[in-house]
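Worksheet: one structure, shown below.
From a predicted model like this one, the values you see are computed outputs, not experimental measurements.
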Amino acid sequence: MVASAGAADRELLLRYTDRMADTGRWDAALVSWNALCERRILPYEPLDRERGPWLTNGHLGRRR
């Protein structure tokens with residue numbers, strides 16, 4: 001779904017991403033988050049799984 005998503009799908013996809021994280025499905029949450037970032041639906045850089053650990057703050061900025 002993310003592959004064909006646009007800005008109108010943003011809220012739905014963010015809820016999906018949150019749900020995946022809430023249930024401990026971190027891989028699915030990360031894939032979804034990164035797809036939103038790569039498609040420029042979100043104004044952030046994709047997160048690099050290999051460079052973790054990473055957290056997001058209230059502004060969704062990456063911190064190490």
Side-chain angles (χ1 to χ4, degrees):
M1 180 175 159
V2 176
S4 62
D9 303 308
R10 180 180 182 271
E11 292 306 314
L12 175 65
L13 292 170
L14 281 173
R15 283 196 306 264
Y16 169 80
T17 303
D18 286 344
R19 181 71 177 148
M20 293 299 100
D22 289 345
T23 59
R25 297 181 65 195
W26 301 109
D27 286 338
L30 184 60
V31 167
S32 179
W33 177 265
N34 283 346
L36 288 166
C37 295
E38 289 164 359
R39 295 186 54 76
R40 298 292 183 218
I41 295 169
L42 295 176
Y44 307 108
E45 292 298 317
L47 299 173
D48 184 350
R49 177 188 327 236
E50 302 302 319
R51 294 190 68 206
W54 39 261
L55 299 172
T56 55
N57 61 25
H59 301 290
L60 299 178
R62 188 168 99 180
R63 289 186 174 173
R64 276 184 77 48

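Residues forming a salt bridge (charged side-chain N to carboxylate O under 4.0 Å, His left out) with Arg40 (at least two apart in sequence, or on another chain): Glu45.
Of all heavy-atom pairs spanning Leu47 and Asn34, the tightest one is N-OD1, 2.6 Å. For the pair Pro46 and Cys37, the tightest heavy-atom approach, listed with the atom from each and the gap, is N-CB, 3.8 Å. When all heavy atoms of Ala29 and Ala21 are compared, the pair lying nearest together is CB-N, 3.8 Å.
Thr17 contributes a side-chain N or O that, together with a main-chain N or O of Leu13, makes up a donor-acceptor pair within less than 3.5 Å.
Counting only heavy atoms from C-beta outward, the side chains of Leu42 and Arg10 approach each other to under 4.5 Å. Taking the side chain as every heavy atom from C-beta outward, Asp9 and Ile41 never approach each other to under 4.5 Å.
The salt bridge (Lys or Arg N to Asp or Glu O under 4.0 Å) pairs that include a residue from residues 16-36 are Asp27-Arg49, where partners are two or more places apart or lie in different chains.
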